[in-house]
Amino acid sequence: MQSDSPRGSSQRGESFVEALSAYSRFHRAQHWSGTFGEFLRTVVPGNTRQLARTSHEYLWDMLCWFGKNSSNVSSASNGNGAAANGNGNGVNGEGAGPKELFKRELFGIDEPLGRIVDYFKAAAAGSDVGRRLLLLLGPPSGGKSTMAILLKRGLEEYSHTDEGAMYALQGSPMHESPLNLIPASLRADFRDTYGVEIKGELSPWARDRLEREFEGDFLRMPVERIFLSEAARVGVGTYAPHDPTTADLADLVGSVDLSKVAQYGDEGDPRAWSWSGAVYAASRGVLEMIEILKVKREFLYLLLTLTQEKNVKVSRFPLIYLDETILAHTNLAEFHKFLQEKENEALLDRMVIVKVPYTLSYVEESRIYNKLVSAAPAFRDVHLDPHALKLAAVFAVLTRLYKPEREGLDMSKKLRLYAGESVEGFPETEITRLRAEAPEEGLTGVSPRFIVNSISNAITRTDKKSLTSMEVLLALKDSIETDARMDAKAKKLWIDYLVLARKDFYNRWVKEDVHRALFASFEDEAQQLLDKYLDEVEASLDHREVTDPITGESRPADERFLRSVEEKIKVSESGKLTFRQEVVRKAMVAYKAGEKFTLNSHSRMREAIEQYLFEERRDVLRLVTSAARPDDEARKKISAVQDRLTSEYGYDDHSAKEALSYVTTLLAQE
């Protein structure tokens, strides 16, 4: 790739500075500190509900805030008004709902995201769901960790806004709510005055400081606004298990600080306790437990008790109140092992388990690769042909599907249905039935990381700085064959899927590209053909004759022409009437809306028309792409096709030549 001009770099630099400035303006937070008395007089009035939120309520409000403000957040983050996930949701301030935070980075797993959002909604409403630990279960590289990261980053960002303002006792290692200072005897009056219930209790640390420094005068206790931060261990905690045999519960709840015992003279002094445990860091926010089922059982009991009772018990102190949301994740192998132990039934009963499978839409899967590729330095100067990632995604999804038992439905058709494409004989409602028949689909198969690693390896082995779809398939084949974890049977099956992806998907895509590039007037020709089909169909359905545009004579509808188009997409004789009625119905909808019925109005008609034109021009295409000493005129056509492939269809010189060569081979075999 050519280096950018100084002027271009300067313009992008200015744009980035503007984006930073917009972000700063949107997230400019007002710092505040003062005594609890000042807090009651200046901050509490008008904000009481906001200040008394539980961790689940705070998380739910954060998700809703992102949904409502997705356009502004994206503008501040990216320097433009488009939604951050690139699909247009939330543009113009319409909002995209509580799933918007996740849709920035996660694609094709709407159902699990919906269940997670439902969990927070129910927990925030005060249901018993809030007393359950949320466990994400799924295969590696399926998005579990990304969900947790997005939640944590979302909390950090939200806490810098006016809506997400959070206050705490100054210096508290648990960032506890100032409202916890209000004595139990006065809480009923507080509820009558402000309409909210205070649920928290002071920690041993806060009680000690209140008595020692302020002689019990809680109105003098210092309060400050806090900002959630994983790095600063404020409201966001993360625990990753190490060797279970040496793991110490102190990592979660702290321990006696021997260096301070000598200073304060009592192990029971809160100042002599190390409040560095992960549960304290996560107080009022979220605690992420990585591979939770690898920890000792006492860890699990502590976490589940914390979730259900909102307190923990450590030696030398009474129960310590902590309000936090525990988000855990684990893999399938650990979960199945956990299920086999009967003593774990009580623990499972206190968890809300959400399966997070791989996506089953190759379109969404390719978006994942686009995201990973765009963030990887190795891909920065490498051109990928327009079908490379989509083809890899087809292969990946094939490895995740169960073989369909339905008559007339094969793996390719099932994959197309899951991608939202029309398949003859299988209505859209069939997708729900197919998913119900195979609820475990997506929990096994190839991971996005495997695909991207394979492509990365292919890049390091070439000096062309360009990868074609076929080179990607070869890279995947090499990765499969050299994978020591797979047996011979599994390797053969996956390689068969590579062949299926090439035959049923890539061959069609690349032939269409070359065909369109060869015939510059393709779109006009195709539209004319669509209009002719529509005229003939309407005449056929109305049992009337049409006027021949050449002879001017009336004649019956051209059934031979209609069937020659329909057969290109395997519309059967028995199904032609239903298909034709559907086409006319969609055409009428477009007409009533004041729109023209085009190729983009009906995906299956587009495919049929393209195939029809391709068949009509096959001989010309075979002649032009022939490698056997083309004459000057043929050379010019080949050059024009390559130029059009690079300028209009996303190819570069290398991939355009390879595409033409590949299509030539395909045509020679037909």
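Since the structure is predicted, the reported quantities are computational estimates derived from the model, not experimental observations. Computed over heavy atoms, backbone and side chain alike; hydrogens, waters and symmetry mates excluded.
Note that the CG atom of Leu293 and the OG1 atom of Thr330 stand 4.0 Å from one another [nearest 0.5 Å]. Atoms CG and OG, from Leu169 and Ser177 in turn, are 7.5 Å apart once rounded to the nearest 0.5 Å. A distance of 6.0 Å separates CD in Glu38 from CZ in Arg41, rounded to the nearest 0.5 Å. Atom OG1 of Thr444 and atom CG of Leu332 lie 8.5 Å apart (nearest 0.5 Å). Taking CG of Leu303 as the reference point, atom CG of Leu287 lies at 6.5 Å (rounded to 0.5 Å). Atom CG of Leu133 sits about 4.5 Å away from atom OG1 of Thr307, to the nearest 0.5 Å.
Within 6.0 Å of NZ on Lys313 lie more than 12 heavy atoms contributed by other residues, nucleotides or ligands.
Of the residues listed (Leu304, Leu134, Ile326), the one engaging Met351 in a side-chain contact (heavy atoms from CB on, under 4.5 Å) is Leu304, and it is the only one.
When only modelled atom types and interatomic distance are considered, Thr305 and Glu309 share no side-chain donor-acceptor pair under 3.5 Å. Side-chain atoms of Ser255 and Ser274 include no donor-acceptor pair closer than 3.5 Å. Remark: the His329 side chain and the Glu288 side chain contain an N/O donor-acceptor pair separated by less than 3.5 Å. Residues Ser55 and Glu324 bring no donor and acceptor atom of their side chains to less than 3.5 Å of each other. For the 3.5 Å distance criterion, the side chains of Asp323 and Thr54 fail to qualify, holding no donor opposite an acceptor.
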Below 3.5 Å, can you tabulate the donor-acceptor pairs from side chains in residues 121-130 to any protein atom, sequence neighbours excluded?
| residue | atom | partner | partner atom | Å |
| --- | --- | --- | --- | --- |
| Ser127 | OG | Ala122 | O | 2.9 |
| Ser127 | OG | Val129 | N | 3.3 |

Show which side-chain atoms of residues 278-285 pair as donor or acceptor with protein atoms under 3.5 Å away, not counting sequence neighbours.
| residue | atom | partner | partner atom | Å |
| --- | --- | --- | --- | --- |
| Tyr280 | OH | Val253 | O | 2.6 |
| Ser283 | OG | Met174 | O | 2.9 |
| Arg284 | NH1 | Tyr167 | O | 2.5 |
| Arg284 | NH1 | His175 | O | 3.0 |

Donor-acceptor contacts under 3.5 Å from residues 43-51 side chains, at least two apart:
| residue | atom | partner | partner atom | Å |
| --- | --- | --- | --- | --- |
| Asn47 | ND2 | Val43 | O | 3.0 |
| Thr48 | OG1 | Val44 | O | 3.1 |
| Arg49 | NH1 | Asp61 | OD2 | 2.7 |
| Arg49 | NH2 | Asp61 | OD2 | 3.3 |
| Gln50 | NE2 | Asp162 | O | 3.1 |
| Gln50 | NE2 | Glu163 | O | 3.4 |

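For Arg209, the salt bridge (charged side-chain N to carboxylate O under 4.0 Å, His left out) partners two or more places apart in sequence, or in a different chain, are Glu213. Remark: Lys144 pairs with no residue by the salt bridge (charged side-chain N to carboxylate O under 4.0 Å, His left out) rule, at least two apart or across chains. Evaluation of the ring-ring contact (aromatic ring centres under 6.0 Å, His included) rule for Phe335 yields no partner, not counting sequence neighbours. Residues meeting the ring-ring contact (aromatic ring centres under 6.0 Å, His included) test with Phe317, sequence neighbours left out: Trp273, Trp275. Under the ring-ring contact (aromatic ring centres under 6.0 Å, His included) criterion, Phe190 pairs with Tyr194, not counting sequence neighbours. Shown here are the ring-ring contact (aromatic ring centres under 6.0 Å, His included) partners of Tyr58, two or more places apart in sequence or in another chain: Tyr158.
Summarising the geometry of Pro173 relative to Trp205, their closest heavy-atom pair is CD-CD2, 3.6 Å, with the distance given to 0.1 Å. For the residue pair Val223 and Trp32, the shortest heavy atom distance occurs at O-CZ3, 3.6 Å. Taking all atoms of both residues into account, the shortest heavy-atom contact from Leu179 to Phe36 is N-CE1, 4.3 Å. Nearest heavy atoms, Phe39 versus Pro178: CE2-CB, 3.8 Å. Taking each heavy atom of Ser159 and Leu228 in turn, the nearest pair found is OG-N, 3.0 Å. Between Leu389 and Ser366, the shortest heavy-atom contact is O-CB, 4.0 Å.
Legend: ring pair (Phe, Tyr, Trp, His ring centres under 6.0 Å) pairs involving residues 110-135, not counting sequence neighbours, sorted by first then second residue: His56-Tyr119. The stretch residues 181-198 participates, sequence neighbours left out, in these salt bridge (Lys or Arg N to Asp or Glu O under 4.0 Å) pairs: Arg187-Glu201, Arg191-Glu197. The list of side chain to side chain donor-acceptor pair (under 3.5 Å) pairs with a residue in residues 344-361, not counting sequence neighbours, reads Arg297-Asn344, Glu341-Asn344, Lys355-Glu440.
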Show your reasoning for whether side chain to side chain contact (heavy atoms under 4.5 Å, CB included) applies to Leu40 and Leu219. CA-CA 9 Å; Leu40 287 174; Leu219 291 176; 3.9 Å; yes
Go through Tyr239 and Val295 one step at a time and tell me if the side chain to side chain contact (heavy atoms under 4.5 Å, CB included) criterion holds. CA-CA 10 Å; Tyr239 179 82; Val295 301; 4.0 Å; yes
Would Phe107 and Val363 count as a side chain to side chain contact (heavy atoms under 4.5 Å, CB included) if you check the C-alpha gap in whole Å, the side-chain angles of each, and the deciding distance to 0.1 Å? CA-CA 9 Å; Phe107 312 110; Val363 177; over 6 Å; no
Test side chain to side chain donor-acceptor pair (under 3.5 Å) applied to Ser172 and Glu176, step by step: CA-CA 6 Å; Ser172 168; Glu176 49 202 299; 2.9 Å; yes
Begin from the C-alpha positions of Ile455 and Phe379 and carry the test side chain to side chain contact (heavy atoms under 4.5 Å, CB included) through to its verdict. CA-CA 9 Å; Ile455 300 174; Phe379 291 90; 3.4 Å; yes
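For the pair Lys199/Tyr321, a side-chain contact is recorded, criterion being any heavy-atom separation below 4.5 Å from C-beta on. Residues Met147 and Leu150 fail the side-chain proximity criterion, which asks for heavy atoms closer than 4.5 Å. For the pair Phe227 and Arg225, the minimum side-chain heavy-atom distance is below 4.5 Å. Using a 4.5 Å cut-off on side-chain heavy atoms (C-beta onward), Pro448 and Tyr369 make contact. Leu59 is listed as a side-chain neighbour of Leu155, based on a closest heavy-atom distance under 4.5 Å.
Judged by the 6.0 Å and 45° rule, Arg400 forms no cation-pi pair with Tyr418.
Looking only at distances, no side-chain donor or acceptor of Ser447 sits under 3.5 Å from a matching main-chain atom of Ser141. Under the 3.5 Å distance criterion, the side-chain polar atoms of Lys371 are matched with a main-chain donor or acceptor of Glu105. Without hydrogens or angle criteria, Asp208 side chain to Pro204 main chain gives no donor-acceptor distance under 3.5 Å.
Ion pairing between a basic and an acidic side chain is recognised when a charged N comes within 4.0 Å of a carboxylate O; Arg153 and Glu230 show such pairing. A salt bridge links Glu364 and Arg367; the closest N-O separation between the charged side-chain nitrogens and carboxylate oxygens is under 4.0 Å.
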